[in-house]
Every structure is written in structure tokens, then in C-alpha cells.
Amino acid sequence: MMGRKLASVLTVEVGDKELLEVVVMILLNLTPGAAEIAGIVYETIMLKHQCICGNHSNHPEHAGRIQSIWLRLQEKGLVSACERIQGRKATLEELQMVHSEYHSLLFGTNPLNRQKLNIRKLLAHLGSVTQNFFTALPCGGLGVDSDTIWNEMYSSSAACMAVGCVIELASKVASGELKNGFAVVRPPGHHAEESIAMGFCFFNSVAITAKYLKRKLNIGKILIVDWDVHHGNGTQQAFYNDPKVLYISLHRYDEGNFFPGSGAPDEVGSGPGEGFTVNIAWTGGLDPPMGDVEYLTAFRTVVMPIASEFNPDVVLVSAGFDAVEGHASPLGGYKVKAKCFHFLTKELMTLAKGRVILALEGGHNLTAICDASEACLYALLGNELDPLPQDVQLQKPNSNAVASLEKTIEIQRKYWKSLRQYPSKVDLSLNDIQSLDREEMETLTAMASLSVETKHRHSQEESRTPDEPMDEEPAL
Ligand SMILES: [Zn+2]
Ligand SMILES: [Zn+2]
């Protein structure tokens, strides 16, 4: 049946480009539900970025992270429910969409190629670099710092692969070939700045992908949500002047005392990009730590109103899972449940016709990051988890969270109309909000029926001829 259909389409005489496009569209539509499938990407070359000391306990960002996530997703049958796409290494041209030529050459080529390629240029740049070359670490390995280790043999391949995987996956989602996607990648990227590698990151995969989508696929507006517990200083820097890429980060801030120290609520972008950087900067330390209620409230009162108003064409998520419980203070300290990220993912899926791509960033507690990845992919595949437990629904966000959110709203309401409609609902529980919404609904329905009645009366009055006496006209 389908064969005959195809053949009849193919015998159409293709006279011009337009007709050809129509034929291509028909062929694409015949492919069974390609755009309905979630995509996933993972390549084992990323496992080889390892410190030569070989001791995981020195280096929380190790290969076991993505290996365990991949195993978990396979075990649960989620990988086979997705379309697995082939990753590739990003090209130097792609890296340079965000990073300087020097930075791209230094970290993006292996030592042999690096010498062949452009050693003179590299050396010429040395005078202007802001960062020292690799240093010897106390563990016996090599790195730009003790977090950000470097393996001369494999790190450049792994770092380029992480970027290329996110580009490939996001391109397929943006072009409608896939419904949404999850990238199981490392090393992470959101701390990498134009010419600085730091915090486990060399190349900013999500930022490079956003530039790629804009330049190569002509995507108009891109939302980047960064829910890693650390601020994505590199991503913020890459789009600080850009009104077409909205960067929203939720992170532990503590008045600049938490790594990397950036991401204050009054960092809002500059020039044409003013108002397109949104920092939800949690303060107040761990007294008490932020959890599900605080993150859900942030989404309800800030992230989703602004995101809906921005109305993106694609959503990229810097999906670090170090806010999940199980991460001790220097690398987290919060108590968000893995399952909460299922609900956050579902909310984002209501944007951009569901074109949402999650790329792994931080998180090193293996159980936490496996649970959270599973919960997110479960959402991307269109599945539903049980609703949140009753105690989460009844709990109000803690006062530090309320203060942090009010601060962001106060600063951002100048740029976003949607924030002006939510002045006083930050300190309510989910339950309160639901009953408020119900009340509002009832009021709205009552008002609507009132206005219908009035309209009805009006139209009755209008349809009356001038001489016609009114029904209730008092008798003279
Ligand atoms: Zn080491
Ligand atoms: Zn992090």
C-alpha cells in the first residue's frame, strides 16, 4: 500500500524546486512517526577523558558518571524506546562559535595535530592568554586545575565529542526529525568561557549548540534553562548581549560565595540583550537547603511565565543534577528529589512545540544522577510519574527561597509583563495555588456568564425597533 503510494508520488514530473519540496515533505511524512520519537546520544570515546592518576576519588567528574546513566537507561528499557543517534566530534569552526581560536586549538586538537596545525599561532597567542598552560596536579596527573583534569591522549576527543553530540541531537529536534532529546555527555560545558576552561568544563556544548542552531538552521529564538546547582558563567557570557537567546539559571548563589560566584540577580544582560539573562540566585546557604517545593515554585512564578512570554522555538537545558539530594555541600548541598526533574521537564515540554533537548552537565552522586536522568527521559518519552507526595503539595517554599524569588521578580518585572501578574503568590504551597486557581476559575466563569447575560440583554435591546415598547416599560 505504502509502496504504491510512494511510487505514484515519485512518478510525478518534478518541474521546479517548489514541487520537489512538496515531494520531500510527503516522503518525510510517510516515515512512520519519526518526529514522534525522542532521540538519545552517547559515545564511549567520552569515557576516555580520565586523569592519568587513575583514582576516581580525586576526581568526581569521572567516566563512571555517564557509563552508569547509560546502563540505567538501558536496563529500564528507555534507550530502546528512543532513536539512538550517532554522535560526532565538533569541528574547530563550531568550537569557535563560542571560544577563541587559541582556546579551540589548545583543547580541541590532540598534541600531534596541534603541533602540525598551528603551533606558531598558538605560541603567538600565549602572550594574550588569561590562563596558564596545564599544570602538574598533586595526584600526579595533569590539568588546568585539580577539578579540570587533562589527558593528553584523549581529553580533546572526548570534549569535542560532547559538543558534537549535543549539536547533532539538537539539530534533529530543531528540524522536526525528532520530537525531543537527551544527551548523555561529558565533560560538562556550562562553566567554559570564551578563553577559560574551568569547573570540569573545556567547551560549552550547550552555548555552541545554541549558536549553531541560530547560524546554521536559522532558529529564531532559543531558551536555555540551566538547572545545574552552579551558575553557568560561560553560557551567560556567550549570550549576554543577545536578545534572541534567553538564559535562565537556577543556582546556589549565597551572595557570591558559592562556585563560581557569578549569577547575581541583577546580572540581566546588556545592550540589546538586557532582560534576556535571568538569574534565580538562591541565597541563605543550607538553612534550610532548597528542595522540590522551592524549585517547583521557581518554575511556577519565574521560569515558566518568562519562558512562555519569550515564546522560544527551541529549548536547550543545561541539565546538571547536582541539586539532587546526595551531593554534599561544596558540590551541592540541596535536597531536590530526582523525581522533581520529571515535572520540571514536563513543564518545559509545553514550550516550543515540545522541542526540548536536555544535555547532562554536573552531578556526581551516581544514584542521584541515574535516578534524575531516568525521570527526565521518562517525561521526554511522554510517560507520567505519580503526582508529588501530599507533603510536598502542602509545603510552602522556605523564606530564603521566597526572598530570592522576590528579588529576581522585582528586578525582572521591568522586562517581563508576565511577572507583573504574579506579585504576591511566591510564598504559597502548590495546594494553595491550586485552590486559588480554582477560585479564580470560578470567578472567571461567573464573570463570563454575567457578561454573556449582559451581551444577550444588549442584543435584545438593539434588535428592538425604536417604536417597539420595552417589556418592562413602566405603564404610564
Ligand atoms: Zn588525578
Ligand atoms: Zn554543577
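All values below were derived from every heavy atom in this structure, side-chain atoms included, with hydrogens, water molecules and symmetry-related copies excluded. In each ligand, atom 1 is the first atom listed, and ligand 1 is the first ligand listed.
- Nearest N, O or S atom of D322 to the Zn ion (ligand 2): atom OD2.
- Within the 2.8 Å limit, D228 places at least one N, O or S atom next to the Zn ion (ligand 2).
- Distances from the Zn ion (ligand 2) to the N/O/S atoms of H230 are shortest for ND1.
- Around the NZ atom of K244, the shell of radius 6.0 Å holds no more than 12 heavy atoms that belong to other residues, nucleotides or ligands.
- Using a 4.0 Å cut-off between charged side-chain N and carboxylate O, R215 and E93 make no salt bridge.
- For the residue pair D226 and H251, no side-chain donor N or O sits within less than 3.5 Å of a side-chain acceptor on the partner.
- For H231 and S262, the side-chain atoms include at least one donor-acceptor pair closer than 3.5 Å.
- Between the side chains of E361 and S318, at least one donor N or O sits under 3.5 Å from an acceptor N or O.
- Between the side chains of H191 and N233, a donor-acceptor pair is found at a separation under 3.5 Å.
- Under the side-chain hydrogen bond (donor to acceptor under 3.5 Å, both in side chains) rule, D371 has a single partner from R72, H342, K339, which is R72.
- Counting only protein atoms, the N, O or S atoms lying less than 2.8 Å from the Zn ion (ligand 1) are C51 SG, C53 SG, H59 NE2, C139 SG, ordered by chain and residue number.
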